[in-house]
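Below: the structure, in structure tokens.
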Amino acid sequence: MYVSYRWLARHVDLSGIDAHQLADDLTLSTAEVEGVELFAPQLSDVVVGHVVSREAHPDADKLSVCKVDVGGGDGEPLQIVCGAPNVAAGQKVAVATVGTVLPGDFKIKKSKIRNVESRGMICSVRELDIGDEHDGIWVLPTDATAGSTVAEALDILDWAIEIDNKSLTHRPDLWGHRGIAREIAAIHGRELLPLDLRPPETGNAPAFPVHVESDACSRYLGLRVEGARAEPSPDWLRWLLLAVGQRPIDLIVDLSNFVMLDLGQPNHTFDASRLSSEGIRVRNARSSETLTTLDGETRKLAESDLLICSGDDPVALAGIMGGEASKVGEDTSQLLLEVATFDAATVRRTSARLGLRTDSSARFEKCLDPTLPIAAAGHFARLLAAVQPEVRFPAVLTDVGNWRDPALEINLQTERVRTALGADIPDPAIVDILTRLQFDVSRTNDTELRVGVPSARGIKDVTTAQDLIEEVGRIYRYGNIPEQFMQAAVEPPRPDERRELVRRIQDRLSGTARFHELLSYSFIDDDTLTRLGWTDRPHVRVRNPMDQEESRVRRAVLPSLLGDLEANRRARSEIRFFEVGKGYLPEHANDRGEPREVHQLAMLWAAAPDRGGERFDDDRFHQLLGVVEDLFSYLGLPGELVWAVPAEAPSWAHPAQVLATGDGSGEPLALVANLEPGLARAIGLRDELASDVAVAEISIDALLAAPRGVRPFRPVPRYPGVKLDVAIDLPEATPAADLVAVLVEAGKKQVADTELFDVYRGKNVEPGRKSLAYHVLLQSEAKTLSDKDQTKYLARLEKGLTRIDGRLRK
Amino acid sequence: MNPEANSDEAREMDLARQKDEAREKIDACADSAALKDVERHYLGRKGIVASALAGIGQLPPDERKDAGQNANRLKQAIQELVDARARVLDETSLAAERSGAGFDPTLPAARLESGSLHPVTQVTRELEDLFLSMGYSVLDGPEVELDHYNFEALNIPADHPARDSHDTFFCTAEGSKDAAEQLVMRTHTSPVQVRAMEQLEPPFRVIAPGRCFRQETTDASHDHTFYQMEGMVVGRDISVGHLIGAMRTLLRGIFKQDLDVRLRPGYFPFVEPGFELDARCPFCEDGCSVCKRTTWIELLPCGLVHPNVLRAGGIDSDIWSGFAFGLGLSRLVMLRYGVDDVRHLFGGDLRFLEQF
């Protein structure tokens, strides 16, 4: 919202307070000022010129050559060629001299127009960007002093102060200049200048009939006006409206706006001659009813919309916008002024549904004081009569509705003010501040005040003692409150197991494992879901998404990692990503409808395809599996995890190259897989971007539930162990885990470690069989092992292997 | 040579000749491997000296002593020559090594490929640690939130105009029951205030970092998803002075310097009084692009918890009071690292992530 400095000065003496000071005061005590701008700075750049003479241009019919006195030092008038038909000797005009830059970045230069020198420009209203008229130059009042700036000469030097609307949400009283002036007066301890806000004086003709049929209108005033003319407004009114960004139209419209911007009370004028003799009905719309609003749009209405009707015909959308049909035109002389109080929520709902926000709806939805309409009606009537003394208000003012005055009284313990603010503000200072804010303060006893809250504040933001504490604090200024430290019992914060676990995961993966943490959006795109075949799974759906293709909230984190893979693969040959995030499962919602939240870790390792020839485990899958196992060991999961090919794997997993681990009850703790090859291609990993991609999904929830602990220390061996390498030939289908069991068993507790280092198929190994080579470390806690122990081990191993159809290769 | 003709003299001659020959060979050795070969040739198990000693047994007894002595003298002499040569070669190779030839220390360092923590994680942790050190607990709250917690319990009933500025994403849970309440993507971390009050007994101090969502057009400084951190303290006689103290401590923790702050009225329905806390811009003295030339940066909306909110959380507002604040984590990350486009945070671009 814009407020004008000059406009405020109509309500409070601003001497000694410039616009910037005023902005700071408002920011620190009332509401955030977003900026202060000099109004129409171009009017301070152009000067008043006196047209001394005007002669026809020798070579052009439509041009004239003027001598214009701009009060320069040497007194020599400037010669200016002007194309306007209305320029005449004796006029005072607005002159842009050489060097002036006009709106539109138009710089005035010395020039020759058809061989006649011209040193400046006589401006039209449009050239100065203060109106649309461009039929001729702007003729200023004759008493303007030549040489002074136009802004000074017209006394319209003004600043537009922009206040952040959000910070006025709770202050319906601040949506007009008088309300803001009331704040300035309180801040500076000045008087608010008197303003006649008595009801309008009217004749005795019968009141215009108004029937209110909805609770959403608590008060409706109707004022009959006769003999008004929709002529241009006087300059003082035009300049104030221009200063706050309103386009002057005609006196009727301009005064209606002025009253709204002055007092914060929207109002509407109807052409009374177009209204039904049945009068006004205020009622809810019927479904399928329509109304063409002033902006020419035909609006489909809903039953919750409140209408102003002439008889039964809708003529305005209550509190939002008037209708085209009863619009005040140039020939209007009989008016009905409507000043009403409409229900905030009703106006807000309709305005939001229709996407129709107006200055009026913005005010009504803040919840307006029902005592204000009568003051606004009187203000309008007196302003109109001052400009057009012949207008008459023949009929008794219609005043119907069901409302009560929101003024109230609050008891305030002054000690509570001091405690809540943490500032030692003595009672008299508290009383002074509240009084300056126009609260009516008296004492009930030594410790308590009785505070009368005026209607304008009681309607919304001052209803409790806490609200009064804020009033005292902001005028006292929060900056004057000393910093204090809290006293509290010393105790450790609540442990948060999940946060600690997540931190350890992030540290291990970003550190040892050299993965990069990424964060992806919680919304998942339809393309990804289609590729996964997940579109028919229940999702939390956003009804108003940014993008229709991203209306679902993700169920799992892993698919999010696939999104940027192609772009990243173009930039890097290898990618290691992880994300810790949340997914939402609506089918597991609780009674209130909260979907189940799952916490997951997703990992992805992609690289250009393997060159081949490296070790058997030099592929993304096994490397990632190694990272996961290291992570679990770091997190203190006990013992060896059993990994197995799951009966059912998610659709992102390669159907055969996938392993899962868990306690077998419900969802797996972890899944590691190569990316499903079709999916990899679909997301662009083909041709020169073809990649080996391994992915893992780990349930943080399952990790939290799993037994975890500190791994106990194992003594450092006292005796050297024996390392031996064995290669075993066994059937293709036999899992390595079975072989490891045999390797360990044959050691009679002396096998301290086994490590697979080669897998071989081919020459010297029969078809259908494979050869696995292990490093085996034999270690005893009692003695140094010898060659003999090694021989014995091999003998036991050969025997054990027969159980699994294994053969020790020599 | 006729052994009969062997005389002492001849033996001496032979010894000298052997020694000269050995010296020649030893001096010709260019490296320690060659020297080892020569040493083995003379002094090895089957070397010349060894075979000479072995041959002594076949000599006439009176010659044996001399021959033995001679052989030992030869052995000793050669050993000395070998050792001397070894020292020379050692010196030479050390000198060669010291010369540094063939090694260029000015070549670039080997690149250590490391991983990274997201900058949001880094800044979040820093703040968590700061607050944990002051006895605050860290809470988490759902991103898909009930309207009740996001608005209603925060003193923002339906049709409240403050809802406008929240640009809310409204949600429907597919397959949910009819009786289910309205769901939204939470527009701020403030709902955790109410959840905290439901879970904890006062007095308590909590923070809640997390993701928030707004249905607004994205640009370099706005994204529809961003991070905030909520803070809430509930205790007895908590005052605006306490809030100022806590906020200054927070800012010292973030910016590692004492910044001037100013507290001005700000409207948030869940606090009363409500403030905007501005800090003196840490990046300039007389206006810069970060502070939009005002020398103040708007950092922390905060206030005393509204009695209605305490009541919604089941806390007796006659006994307890509190303050709450919200901190824009995404914005702080941008300030901290000078990130020029907030959309990088969720961009998933490795070239961005690997810088942290």
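In what follows, chains are A, B, ... by sequence order, proteins preceding strands, each numbered from 1. Side-chain atoms are counted along with the backbone in the values below, which use heavy atoms only and exclude waters and symmetry mates.
- Interface remark: of the candidates A:Leu519, A:Thr169, A:Leu518, A:Leu519 forms the most heavy-atom pairs closer than 4.5 Å to chain B.
- Contact of A:Thr464 with chain B is not made at all, since no heavy-atom distance falls under 4.5 Å.
- By number of non-hydrogen pairs under 4.5 angstrom with chain A, the leading residue of B:Glu145, B:Arg211, B:His148 is B:Arg211.
- Residue B:Ser317: no heavy atom, backbone or side chain, is found under 4.5 Å from chain A.
- Interface summary for chain A: among B:Met185, B:Arg262, B:Gln215, B:Arg205, the most heavy-atom pairs under 4.5 angstrom belong to B:Gln215.
- B:Thr294 does not touch chain A: none of its heavy atoms, backbone or side chain, sits under 4.5 Å away.
- Only the side chain of B:Leu146 comes within contact range of chain A, judged by heavy atoms closer than 4.5 Å.
- Contact of B:Leu183 with chain A is made through the side chain alone, with heavy-atom distances under 4.5 Å.
- In this structure A:Asp461 satisfies the side chain to side chain donor-acceptor pair (under 3.5 Å) test together with A:Arg457, sequence neighbours excluded.
- The parts of A:Arg494 that come within reach of chain B are both its backbone and its side chain, each placing non-hydrogen atoms under 4.5 angstrom from that chain.
- Contact of A:Asp507 with chain B is made through backbone and side chain together, with heavy-atom distances under 4.5 Å.
- One finds the CZ atom of A:Arg514 at 5.5 Å from the CD atom of B:Glu113 (value rounded to the nearest 0.5 Å).
- Contacts between B:Phe131 and chain A at a heavy-atom distance below 4.5 Å are absent for every atom of the residue.
- Highest contact tally toward chain A, considering only B:Pro265, B:Gly245, B:Ser137, B:Pro273, is held by B:Pro265 [criterion: heavy-atom pairs under 4.5 Å].
- Near-neighbour residues of residues 121-128 of chain B relative to chain A, defined by a heavy atom under 4.5 Å from a heavy atom of that chain, comprise B:Thr121, B:Arg125, B:Glu128.
- Using a 4.5 Å cut-off between heavy atoms, B:Phe356 makes no contact with chain A at all.
- When each of A:Arg537, A:Arg541, A:Arg552 is tested with B:Glu174 by the rule side chain to side chain donor-acceptor pair (under 3.5 Å), just one qualifies, namely A:Arg541.
- Using a 4.5 Å cut-off between heavy atoms, B:Leu243 makes no contact with chain A at all.
- Contacts between B:Glu298 and chain A at a heavy-atom distance below 4.5 Å involve the side chain alone, from C-beta outward.
- Using a 4.5 Å cut-off between heavy atoms, B:Leu304 contacts chain A through its side chain alone, with no backbone atom that close.
- Every side-chain contact (heavy atoms from CB on, under 4.5 Å) that B:Asn308 has, sequence neighbours left out, goes to B:Asn155, B:His306, B:Arg311.
- Salt bridge status for B:Arg264 with A:Asp25: absent, with no side-chain N to carboxylate O gap under 4.0 Å.
- For A:Ser520, the part lying near chain B is the backbone, with the side chain staying farther off; criterion is any non-hydrogen pair under 4.5 Å.
- When A:Lys366, A:Gln487, A:Met486 are compared by the number of non-hydrogen pairs under 4.5 Å with chain B, A:Met486 comes out ahead.
- Using a 4.5 Å cut-off between heavy atoms, A:Pro492 makes no contact with chain B at all.
- No part of B:Val261 comes within reach of chain A, as not one of its non-hydrogen atoms sits under 4.5 angstrom from that chain.
- For B:Glu354 and A:Arg572, the salt-bridge test passes: some basic side-chain N is under 4.0 Å from an acidic carboxylate O.
- The parts of A:Asn544 that come within reach of chain B are both its backbone and its side chain, each placing non-hydrogen atoms under 4.5 angstrom from that chain.
- In this structure, chain A has a heavy atom under 4.5 Å from the side chain of B:Phe213, while its backbone stays farther away.
- Between the A:Glu517 side chain and the B:His118 main chain, a donor and an acceptor come within less than 3.5 Å of each other.
- Counting only distance, with no hydrogens or angles, the side chain of A:Tyr584 and the backbone of B:Pro142 share no donor-acceptor pair below 3.5 Å.
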Could you check A:Gln484 against B:Ser239 for side-chain hydrogen bond (donor to acceptor under 3.5 Å, both in side chains), going step by step and ending with a plain yes or no?
-> CA-CA 8 Å; A:Gln484 259 182 294; B:Ser239 73; 3.1 Å; yes

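- The contact between A:Glu597 and chain B is made entirely by side chain atoms (from C-beta outward), counting heavy-atom distances below 4.5 Å.
- Under the 6.0 Å cut-off for aromatic ring centres, B:His224 and A:Phe523 qualify, their centroids lying closer than that.
- Of all residues spanning residues 576-583 of chain A, those with a heavy atom less than 4.5 Å away from chain B's heavy atoms are A:Arg576, A:Phe577, A:Phe578, A:Glu579, A:Lys582, arranged by number.
- A salt bridge does not link A:Arg499 to B:Asp140: none of the charged nitrogens lies less than 4.0 Å from a carboxylate oxygen.
- When heavy atoms are compared at a cutoff of 4.5 Å, B:Phe226 does not approach chain A at all.
- Side chain of A:Asn568 to backbone of B:Gly348: a donor-acceptor contact under 3.5 angstrom is found.
- Taking a cutoff of 4.0 Å between a charged side-chain nitrogen and a carboxylate oxygen, A:Glu594 and B:Arg195 qualify as a salt bridge.
- Contact of A:Ser522 with chain B is made through backbone and side chain together, with heavy-atom distances under 4.5 Å.
- In this structure, chain B has heavy atoms under 4.5 Å from both the backbone and the side chain of A:Ile575.
- Side-chain contact check for B:Thr172 and A:Arg543: at least one donor-acceptor pair (N or O, by modelled atom type) lies under 3.5 Å.
- Only the side chain of B:Pro307 comes within contact range of chain A, judged by heavy atoms closer than 4.5 Å.
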